[in-house]
Number of protein chains: 2
Amino acid sequence: MAHSVTMRTVAERAEVSTKTVSNVINGTGSYSPETEQRVREAIEELGYRMNPFARGLRSRRTDTIALVLPNLGQPFYAELAEQIMRAPQTQGLKVVLQSTHGDARRERAVLSAHQELVDGVIYVPHALGPDDYLPLPVTRPTVVLGERPADATTLSLDYVDPADEQGARAVVGHLLSQGRHRIAVIGERTGPMAGARRLRGYRAALAEAGVDYDDSLVISVDDADLWSSGVGAATRLLRTRVRFDALFCFNDVVAVAALSVLTRSGIKVPNDVALAGFDDIEAARFASPPLTTVDLRRESIARTAVTLLRSRMDLENFRDLPGRSESIGYDLRVRASSGVPSSR
Amino acid sequence: MAHSVTMRTVAERAEVSTKTVSNVINGTGSYSPETEQRVREAIEELGYRMNPFARGLRSRRTDTIALVLPNLGQPFYAELAEQIMRAPQTQGLKVVLQSTHGDARRERAVLSAHQELVDGVIYVPHALGPDDYLPLPVTRPTVVLGERPADATTLSLDYVDPADEQGARAVVGHLLSQGRHRIAVIGERTGPMAGARRLRGYRAALAEAGVDYDDSLVISVDDADLWSSGVGAATRLLRTRVRFDALFCFNDVVAVAALSVLTRSGIKVPNDVALAGFDDIEAARFASPPLTTVDLRRESIARTAVTLLRSRMDLENFRDLPGRSESIGYDLRVRASSGVPSSR
DNA sequence: CTGAAAGCGCTTACAG
DNA sequence: CTGAAAGCGCTTACAG
């Protein structure tokens, strides 16, 4: 190897033991200022770089957490990842990111393969439900994004629980309050959980307003490529000729894509159709018209996830604590896309 | 540790040596089918999981590459990251992703700190120019996204060179051919390189068409948060009351944000102002109207970067080969936002 | 404030 | 086809 400068080389050069070099590098133990000076010079002159594998093997700490998520092409996940990397709670930790492409096989593989390289895992499930991932071996502290299933407590899995149902209920309630009663839905299956929960919220809001649920208003889309499936779903919806005065999409990407279809078809938003999305991605705010949507508080999700994870990582044995669950609130973002129809 | 099952435990259980266990796990050497069977059973029964640090320390291979990029909140980078993780050339490699938040200090830190954990690095510079990053120690095969500076050859750095200048020239040429001659620019500094190169392309296209360059048409924005700086820049542009019939944004995010400002101000796109962006992010295709832009061929960039990297990783000594540079083409995406004004 | 020795869990020659 | 031994480069008790 070109780079075979080890701690020992440094120690010899500085005329100290490797222990002292280790102490200086890690700020552990104590040493005189002159010793530190000599060690630092030796490191500099030799171009020494510590071998993280040797350290990891010995100390069993990596100061690294893994973030396992479905797809960076979806702005919600990309923005969530960025928030997690930036959270103050993440200071001092490295974050390695693994995308599973929203594919069940890869999700399982990533989850069971790479835990040993990190001190903890934040897992955003997509293709796998609890029945699929709970049997997988958990060897590191793990925080899951989603609703906690019953068995997770004993497994010491922590959950960050976003307000999918309440958010959907609120935004649909808002559409109803604007006088819209024929509210079509384009619902992707964002993981096995979120889609179902958003649909529940939709139905709850209708029930509350005494509006009947109409199955012909609900379109389901595949979530492999949300942009084009949004276009596809909106096109299908228009073709069915079913009457609707509002459209609620379970995802802003789908909503923005649907907006382009509506606009192209000469349907005015919000005059003919009120439009609402979900997630409050940046692109929603800058759509024309700006999109009414639900903010799941990504920053809060990120902060809570890292905090839960660290607290478990700090434990002697991470299974000493039963699994916890933290609910996150939501914010309804009312924008022009759901405005009251004006006379034209 | 709860999990102190080592290769030795497995070896004892299967009544073989650790060498044989290692062979079975890695598919190296040779062993009888019955031996393999016994080893696999022992692994299964004991719940053995290999310690990657011990392996990395000994074998000096991690089968992992690092992707260092500015900000996952920018769709271009997020989509590029996803492409790199999905590229067929990436098969068999893990990809760890480090976001630098577009911040010079962090960029330097990430770049000099985490190389030892991986077999290679793909580096997307942002805040740092060649003068800043070339002096940093390079201990692993590295591919840089951008134009190759002269000194990079001897450092054995490989470059993937996107068509920033040519792309900008083409899209501005297109706007000119549509009869637009007062072409405003909102140019963020996407790294020290890309912004300057896109501006060169803009000037080249004007020169070619015999149109004078007018400094008052060029607005520069900070790139910390492109969405809001896009809005800010577009607002400023309108306030200057300078006359323009087209707007070229160096970035689709800025273009979409600017579109929302124009629309809100009652300026029709493309009738009053033709609009073009850069990058061809998904949101550009689904803007209303859909955005004319330049596709830098992210997939091709991803594939080329990983291919260059692997070929260097396969070398006995990765510095044996002088630095290489591969140019990537571009595609002009002409969409409705740059259409010819229709009579209203 | 600093050292000498042991050992983390693998893979790599070397041997048979 | 399989074993026994050495060693990768650190940190961790233990000692002084």
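Within every chain, numbering begins at 1; the chains are lettered A, B, ... in the order of the sequence lines, protein sequences first and strands thereafter. The model shown is predicted, which means the values in this text are computed figures rather than measured ones.
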- [ ] Determine, for nucleotides 10-16 of chain D in 5'-to-3' order, which nucleotides have protein heavy atoms under 4.0 Å from the base (write B), from only the sugar-phosphate (write S), or from neither (write -).
- [x] BBBB---

- [ ] Using a cut-off of strictly less than 4.0 Å between a heavy atom of the residue and any atom of DNA chain C, enumerate the qualifying residues of residues 27-43 of chain B by number.
- [x] none

- [ ] Could you give me the stems involving DNA chain D, meaning stretches of three or more consecutive Watson-Crick or G-U wobble pairs whose two defining distances are both below 3.5 Å?
- [x] C:1-3 with D:14-16, C:5-12 with D:5-12, C:14-16 with D:1-3

Task: Ring geometry between A/F53 and B/F53 (parallel below 30°, tilted from 30 to 60°, perpendicular above 60°) - done: tilted

Donor-acceptor contacts, no H, no angles, side chain residues 302-309 of chain A, under 3.5 Å, sequence neighbours left out:
unit_1: A/T304; atom_1: OG1; unit_2: A/S300; atom_2: O; d: 2.7
unit_1: A/T307; atom_1: OG1; unit_2: A/R303; atom_2: O; d: 2.7

- [ ] Apply salt bridge (Lys or Arg N to Asp or Glu O under 4.0 Å) to B/E107 and list each qualifying residue two or more places apart in sequence or on a separate chain.
- [x] none

Task: Pairs where residues 23-40 of chain A contributes a residue and the test salt bridge (Lys or Arg N to Asp or Glu O under 4.0 Å) is met, not counting sequence neighbours - done: A/E36-A/R40

Task: B/D119: partners by salt bridge (Lys or Arg N to Asp or Glu O under 4.0 Å), with sequence neighbours left out - done: none

Open item on the list: My understanding is that only residues two or more places apart in sequence, or in another chain, count here; which of them pass salt bridge (Lys or Arg N to Asp or Glu O under 4.0 Å) with B/R297?
Closed with: B/D331

- [ ] Output all residues satisfying side chain to side chain donor-acceptor pair (under 3.5 Å) with B/R310, sequence neighbours left out; order by chain, then residue number.
- [x] none

- [ ] Can you sort out the partners of A/D131 under side chain to side chain contact (heavy atoms under 4.5 Å, CB included), two or more places apart, ordered by chain and number?
- [x] none

Which pairs would a plain distance check flag for residues 22-29 of chain A, meaning a side-chain donor or acceptor within less than 3.5 Å of a matching protein atom at least two apart in sequence or in another chain?
unit_1: A/S22; atom_1: OG; unit_2: A/N26; atom_2: ND2; d: 3.3
unit_1: A/N23; atom_1: OD1; unit_2: A/T28; atom_2: OG1; d: 2.9
unit_1: A/N26; atom_1: OD1; unit_2: A/R55; atom_2: NH2; d: 2.2
unit_1: A/N26; atom_1: ND2; unit_2: A/S22; atom_2: O; d: 2.9

Task: Integer-rounded Å distance: D/dC8 C1' and B/E116 CD - done: 15 Å

Task: Value in whole Å for how far the C1' atom of D/dG9 lies from CG of A/L57 - done: 9 Å

- [ ] List in chain and number order the residues that pass salt bridge (Lys or Arg N to Asp or Glu O under 4.0 Å) with A/D63, two or more places apart in sequence or in another chain; answer none if no residue qualifies.
- [x] A/R61

